[in-house]
2 protein chains.
Amino acid sequence: MADAHDTADAQESKGLRERKQARVRAELIEAAMRLFLRQGFDETTVDQIAEAAEVSRRTLFRYFQTKGDILMAWTRGTSDFLEAALQARPRRETPLQSLREIFTELAEQLASNNVDAYAVALMIDRDPSLRQYSLQKHAEWEDRLAAVFIERFGASASSEQRAWLLARIGVASFRTALDQWIAVQGRTAMRSHLIETFALLDRSLVS
Amino acid sequence: MADAHDTADAQESKGLRERKQARVRAELIEAAMRLFLRQGFDETTVDQIAEAAEVSRRTLFRYFQTKGDILMAWTRGTSDFLEAALQARPRRETPLQSLREIFTELAEQLASNNVDAYAVALMIDRDPSLRQYSLQKHAEWEDRLAAVFIERFGASASSEQRAWLLARIGVASFRTALDQWIAVQGRTAMRSHLIETFALLDRSLVS
DNA sequence: GTTGCAATTGGCACTAAGTGCCAATAAAGT
DNA sequence: ACTTTATTGGCACTTAGTGCCAATTGCAAC
């Protein structure tokens with residue numbers, strides 16, 4: 001997976017070369033998302049994206065391995081964000097509390113974004129050929145979160161098992177909240193759906 | 001995963017045409033799996049599969065929409081199996097108990113299969129380009145299990161939420177047990193890893 | 001069993017994703 | 001200014017997947 005975020009790293013000029021690359025990358029993502037949202041994913045060819053971003057088709061594939069990776073890159077940073085956020089939670093919290101908090105933070109981060117997260121979420125939800133990419137992204141989240149938990153719990157077999165289970169339950173809860181959010185057409189804040197889902201988690205697992 | 005689908009439909013001769021189709025279909029799956037296991041998924045072309053199954057490339061694509069679908073078809077029936085198994089569980093069980101039981105049943109079903117489920121699980125685990133297919137399959141399981149739960153709980157928003165959450169937790173537990181199974185190289189029965197994981201689930205969520 | 005119908009098949013040509021290779025170019029270091 | 005190195009774009013190639021049409025094959029009714 002590629003790296004590099006879109007917004008602002010004006011702090012450090014790391015040379016013309018790197019700045020140019022970052023610009024091209026951002027240009028590609030922006031052009032691609034505009035086209036995806038307008039015409040759909042399958043209906044958009046990489047040639048169109050390349051042309052819109054004013055690079056050659058060949059260069060596009062140097063920045064992104066697949067067309068889907070461009071879509072993924074848009075939410076790029078969410079994995080890093082979640083990992084860092086989990087790492088930052090105090091150890092006294094239960095793992096589930098920590099998970100609830102970091103996903104809430106994520107939701108707020110996305111809400112304050114300039115691009116309409118709901119529109120993208122809806123597009124991914126509707127188009128069956130896009131589902132695989134969100135599944136992949138969520139799997140990546142699980143990997144990263146599990147790694148943090150393993151670091152905390154130690155690396156014994158049963159600790160690892162617990163870490164994976166918790167990471168997956170966290171992501172499962174997020175996905176469930178996301179479903180609800182889409183079901184109400186984004187009218188209620190994602191945040192409230194997350195709180196509700198995690199509350200349900202506590203209750204559901206007892207009965 | 002394996003369910004050898006309809007190994008014997010000898011009871012009903014539905015005409016030569018249909019029998020021929022079933023034969024071609026089985027032939028394609030068998031040829032594909034042989035090639036996938038021998039050379040890997042990406043290294044196997046659909047032309048090779050078509051040739052091995054003695055049909056034209058064009059015909060192959062009439063039986064399966066994508067190359068990946070052939071791989072998925074090998075495990076076709078697991079979704080049906082899980083759905084039916086969950087439906088058959090007594091209502092007095094807690095949902096999590098039911099889930100533990102049906103996944104254990106699935107594991108035993110797979111263990112008694114003629115094809116080596118571990119070899120396939122390992123292949124899918126190793127090859128990154130194959131991960132998407134297992135993710136898709138697990139998502140399908142979630143869909144089916146959630147549907148059964150919704151049928152049981154009623155179709156209110158919060159019931160649906162609970163249904164999805166439970167379905168996903170079930171699948172998450174299965175996946176975690178599967179990881180452990182692969183980690184010990186299939187030496188211990190999948191069944192025991194499942195029991196362990198579900199036990200961990202109860203304990204983990206409290207603390 | 002012959003004739004007519006509908007489904008299945010295979011060949012061909014096409015689009016689009018993704019890759020290897022190489023020559024041209026633009027940045028970085030000296 | 002000169003050399004080195006990374007980036008670029010063009011081209012040709014492979015493979016997945018699709019539309020179209022003509023040939024074949026199973027099926028049924030006569």
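Chain letters run A, B, ... following the sequence lines, proteins first and then strands; every chain starts at 1.
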- Message: Rounded to whole Å, how long is the line connecting atom CG of A:L60 with atom C1' of C:dT19?
- Response: 13 Å
- Taking atom types as modelled, is there a side-chain donor on B:T176 or A:Q161 under 3.5 Å from an acceptor on the other? no
- Task: Can you figure out which of C:dT8, C:dT19, D:dG9 approaches the side chain of B:R17 most closely?
- Result: C:dT8
- Query: Does A:K20 put a side-chain nitrogen or oxygen below 4.0 Å from OP1 or OP2 of C:dA27?
  - Reply: yes
- When rounded to whole Å, the CZ to P distance for the pair A:R19 and C:dA26 reads 17 Å
- Rounded to whole Å, the CD-P distance (B:Q132 to C:dA17) equals 16 Å
- Message: Looking at C:dG18, I'd like to know if its phosphate oxygens (OP1 or OP2) sit under 4.0 Å from a side-chain N or O belonging to A:Q65.
- Response: no
- For A:D47 and D:dG10, what is the distance between atoms CG and P respectively, to the nearest whole Å? 12 Å
- Using only heavy-atom distances, decide whether a donor-acceptor pair under 3.5 angstrom links the side-chain of B:R58 to the base of D:dG17. no
- Item | OH on A:Y133 to CD1 on A:I124, rounded to 0.5 Å | 11.0 Å
- Query: So what does B:F64 touch, heavy atoms closer than 4.0 Å: a base, only the sugar-phosphate, or nothing?
  - Reply: nothing
- Starting at CZ of A:F61 and ending at C1' of D:dT7, how long is that distance when rounded to a whole Å? 17 Å
- Task: Using atom CD of A:E54 as one end and atom P of D:dG9 as the other, report the distance to the nearest whole Å.
- Result: 10 Å
- Task: Report the nucleotide, chosen from C:dG18, C:dG10, D:dG10, that has the shortest atom-to-atom distance to any side-chain atom of A:S56.
- Result: D:dG10
- Item | Length of the CD-P vector between B:Q21 and C:dG10, whole Å | 12 Å
- Of the listed C:dT9, D:dG17, D:dT8, the closest approach to the B:T66 side chain comes from D:dG17
- Run the ring-centre check on A:F36 versus A:W74 and record whether the distance is less than 6.0 Å. no
- Task: To the nearest Å, give me how far apart CD1 (A:I49) and P (C:dA16) are.
- Result: 12 Å
- Task: State whether the distance check finds a donor on one side and an acceptor on the other, under 3.5 Å, for side chain B:R57 versus base D:dA16.
- Result: yes
- Query: Of all the choices, D:dT7, C:dA16, D:dG9, which nucleotide is nearest to the side chain of A:T59 once you look at every atom?
  - Reply: D:dG9
- Query: Once you round to the nearest 0.5 Å, how far does OG of A:S173 lie from CZ of A:R100?
  - Reply: 11.0 Å
- Message: For D:dG9, does the base pair up with any side-chain atom of A:R62 as donor and acceptor (N or O, under 3.5 Å, distance only)?
- Response: yes
- Query: Does A:E151 reach the side chain of A:Q87, with side-chain heavy atoms less than 4.5 Å apart?
  - Reply: yes
- Message: Is the phosphate of D:dT8 approached by A:Y63 (side-chain N or O, under 4.0 Å from OP1 or OP2)?
- Response: yes
